[in-house]
Amino acid sequence: MRVGSISKRQFSQRTAFSLLIIATIIVVIPVLVIVLQIIINGASAISWDFLTQAPSQAGKAGGILPAIIGTFYLMLGTIIFALPLGVMAGIYLTEYAKENWLTKSINLAIVNLAGVPSIVYGLFGLGVFVLLFHFGMSLLSASLTLACQALAMTVTTSREAILAVPREYREGSLAVGATRWQTIRHLVLPQAMPSIITGAVLAMSRAAGETAPILVVGAAFLLPGLPQSPFDQFMALPYHLYTVAAHVPGMPKNTIWGVALVLLIVVLSFNVLATIIRLRDRQRRFNA
Amino acid sequence: MSEQETRAISAVGLNKGLQRRWRLGEKLIESWIFLAGMLTIVVLLGIIALLFKEGLPAFWYTPPWEFFFGTSWYPVSEPPTFGIMPFFVATLWVTVVATAISVPVGVACAAYLAEIAPVKVRETVKPIIEILAGFPSIVMGFIGLILLSPLVQSALNLNTGLCGLSAGIMLSLMSLPIIISVSEDALRAVPDDFRHAAYALGSTKWETIWHVSIPGALSGITAAIMLGVGRAIGETMTVLMVAGGALAVPISPTEPMMPMTAAIASGIGNAVRGGLQYQALFAIGLILFVITLAVNLIADKVLERQKRKFAR
């Protein structure tokens, strides 16, 4: 440790602390600016018609209802595949897997899946679901692609949630003669459910904002109606925002901001929902 | 006894025949669970297999050397040429800009939150960082396009604000949440005994942070930085919208450019399935996958070491 006069050391501490605080402000300010800008500029575009009409004149007039509905379909389609499979994989890893090379490989695969760029998932979806399985450019292909991307997240959150259930519960249940599956089904899963749901809601929020994969596997810019089956093409908010912001000349500015605002509200409200579930669960545990 | 416990116990007291049928059902469920466990491996291997199957043939038309170091990408001219140097250098530029901003800012912010910030400030700042993490990349691309690029253009007097610099700045915002949260966890994992020992030796709080906490958390911070870099390399929509999309090898970050992810996203819509361009784009995907795989593997190894360090 260097020895200096007290005042000099205090001075360097004060300087360092100011720098750390400035760094934190640099992180916070852009977030506030972005949120405020989107709210201020987007609010003027939001109207009943904007939310309930189909677009017309290449998106310059009318509303964005098909894109909103398409995004909700996509979130549902993603979670229908990603949640059950993720929970089952989580159960396998916590309750059944032995410590061997196979389990190690699964964990390694999870870590790596989480880091694969979204555009590569798009290529995967194109090659496998659109072309190999002949699902075409469709809602189904997009849901499956986003589900593969969400899988790492649902497995991880399920695993953590199940691990957090105290071991005594399992031991008590097994001691009175319940089988392993009965224990999981009636004790472990109900206990872990709130955390699993929190993870699922976050995964849905992320799926709602993903653009690159659906750009590759089947989002459409303008469609006459809503998708009637999983094999139809669909509109989605993030892809709509991309097209109106980057590809339609003469687009009214406030319409673009409006689309961004609606997308942000959908994504962030799911984040808030996840937080509420988490807090209520913590409260419940605290009271118990 | 809770309701669930009662249910589990009463489930056991069923008659024998029913029990045997249940056993069979259980075996079935358990095999499904095993298959679901295998699924993550299957998906990862599937991605690898597909990228090799569709991407590798690109090297039969363009030898690897020319593919990596070729500077012209003309997929539709006759004969087409595929050199990805412009995309590779573009990815390098935006990643360098993003890292140069996000690493010092992110680590400093983490140090503030983990070591100094009063609880109230922490409780306010953390949700804001979570909001930042929740921003879809398309929204960041839109903000870069409409707010940041005019600023960059007028500040540096450029022909266009859509350039590597603007994209890098937006990417730095997007890597901040992961850098901050992983670094903060690493700093918190350093035992308080170490800090108390430093105080007892007469260190100031800052000296303790600089000489004790940060060195103790260094491998965790390294992993955080790598995860941030991985995020920046793989990000697609933001660079597609903000980086400018020019096909020349960018000499400076203030030029318009097209990173690898953007090249795939903008080309795949027009590529004929199984054609030369299609294969070349999958080959770029393969290279991208290998790079991010390496980054993630190293980050995971480093993180594991950090976890073992203070485990007792």
Side-chain angles (χ1 to χ4, degrees), chain A residues 1 9 13 16-17 19-21 23-24 26-28 30-31 34 85 88-89 91-93 96 105-106 109-113 115-120 123-124 127-128 148 151 155 173 176-179 181-182 186-187 190 205 209 211-212 215-216 238 241-242 245-246 260 263-264 267-268 271, chain B residues 4 7-9 11-12 26 29-30 32-34 36-37 39-41 43-44 46-47 50 54 105 108-109 111-112 116 125 128-132 134 136-139 142-143 145 147 173 176 201 203-207 230 234 236-237 241 261 264-265 268 273 282 285 288-289 292-293 296 300:
Chain A
M1 205 135 306
R9 289 168 63 195
Q13 161 146 324
F17 280 17
L19 286 176
L20 298 191
I21 291 173
T24 310
I26 292 178
V27 178
V28 170
V31 184
I34 292 172
L85 292 170
M88 288 205 291
I91 292 173
Y92 175 74
L93 285 172
Y96 290 97
S105 320
I106 296 177
I110 295 171
V111 170
N112 287 310
L113 281 179
V116 173
S118 56
I119 187 72
V120 173
L123 291 180
F124 176 67
V128 173
C148 288
L151 192 64
V155 177
S173 168
V176 296
T179 62
W181 170 247
Q182 285 168 338
H186 295 287
L187 276 174
S205 148
T211 319
L215 180 96
V216 182
L241 176 57
Y242 169 61
L263 175 61
L264 203 61
V267 169
L268 291 187
N271 277 332
Chain B
Q4 287 145 0
R7 259 199 289 165
I9 291 167
V12 183
E26 252 174 46
I29 291 168
E30 284 175 348
W32 275 102
I33 285 177
F34 174 73
L39 189 67
T40 50
I41 297 183
V43 172
L44 189 67
I47 292 175
L50 185 86
E54 303 282 359
V105 173
C109 178
Y112 176 72
I116 307 164
V125 173
I128 294 177
I129 295 173
E130 265 174 52
I131 291 177
L132 180 61
S137 61
I138 181 72
V139 169
F142 169 60
I143 295 292
L145 186 72
L147 285 185
L173 282 175
L176 273 172
L201 289 169
S203 316
T204 62
K205 195 157 187 183
W206 168 243
E207 284 162 350
T236 310
M237 293 319 289
M241 294 173 82
T261 49
I264 300 174
I268 197 76
R273 274 145 212 194
F282 270 83
L288 205 56
F289 176 81
T292 49
L293 192 77
N296 274 294
D300 189 52

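Here is how names work: the chains are called A, B, and so on, in the same order as the sequence lines, proteins then strands, and each is numbered from 1. Fair warning: this is a prediction, and the values are worked out from it, not measured in the lab.
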Who among [options] has the most heavy-atom pairs with chain B under 4.5 Å?
options: A:L241, A:L93, A:L268, A:L19; result: A:L241
options: A:V31, A:V120, A:L123; result: A:L123
options: A:V216, A:I34, A:V267, A:I91; result: A:I34
options: A:V155, A:N271, A:V128, A:L263; result: A:L263

| said: Test side chain to side chain contact (heavy atoms under 4.5 Å, CB included) on A:L20 and B:W206; report intermediate values, then the result. | reply: CA-CA 11 Å; A:L20 298 191; B:W206 168 243; 4.2 Å; yes
Looking at every non-hydrogen atom in both residues, tell me the closest pair between [X] and [Y] and how far apart they are.
X: B:C109; Y: A:A23; answer: N-CB, 4.1 Å
X: A:F124; Y: B:G46; answer: CE1-C, 3.6 Å
X: A:A89; Y: B:A36; answer: CB-O, 3.5 Å
X: B:S203; Y: A:R9; answer: CA-NH2, 3.7 Å

| task | Verify side chain to side chain contact (heavy atoms under 4.5 Å, CB included) between B:E26 and A:Q182, making sure each step is shown before the conclusion. | result | CA-CA 9 Å; B:E26 252 174 46; A:Q182 285 168 338; 3.8 Å; yes
Measure distances from [X] to the heavy atoms of chain B and classify the residue's part below 4.5 Å as side chain, backbone, both or neither.
X: A:L264; result: side chain
X: A:P30; result: side chain
X: A:L85; result: both
X: A:S105; result: both

Identify which part of [X] has an atom lying under 4.5 Å from any heavy atom of chain A, answering side chain, backbone, both or neither.
X: B:I143; value: side chain
X: B:L145; value: side chain
X: B:L176; value: side chain
X: B:F34; value: both
X: B:I268; value: side chain
X: B:I116; value: side chain

Selection from [options] maximising heavy-atom pairs under 4.5 Å formed with chain A:
options: B:I33, B:L44, B:N296, B:I128; value: B:I33
options: B:V125, B:T261, B:L173, B:L147; value: B:L147
options: B:L39, B:V43, B:T40; value: B:T40

| query | How far apart are the C-alpha atoms of A:V27 and B:I129, what are their side-chain angles, what is the distance that settles it, and do they pass the side chain to side chain contact (heavy atoms under 4.5 Å, CB included) test? | reply | CA-CA 8 Å; A:V27 178; B:I129 295 173; 4.2 Å; yes
| request: Quick one: pull up OG1 in A:T179 and CD in B:E30 and give me the separation to the nearest 0.5 Å. | output: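 Here the rounded value is 7.5 Å.
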| message | Using 0.5 Å steps for rounding, measure from the CG atom of A:N112 to the CG atom of B:L293. | response |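 CG of B:L293 is found 4.5 Å from CG of A:N112.
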| request: Mind checking side chain to side chain contact (heavy atoms under 4.5 Å, CB included) for B:A265 and listing every partner two or more places apart, or none if nothing turns up? | output: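 B:A265 satisfies side chain to side chain contact (heavy atoms under 4.5 Å, CB included) with A:I119, A:L215, B:T236, B:L240 once adjacent residues are dropped.
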| message | Among residues at least two apart in sequence or on other chains, which ones pass ring pair (Phe, Tyr, Trp, His ring centres under 6.0 Å) with A:Y242? | response |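 If we apply the ring pair (Phe, Tyr, Trp, His ring centres under 6.0 Å) test to A:Y242, skipping adjacent residues, the hits are A:H247.
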| Please walk me through it: do A:V116 and B:T292 pass side chain to side chain contact (heavy atoms under 4.5 Å, CB included)? | CA-CA 7 Å; A:V116 173; B:T292 49; 5.6 Å; no
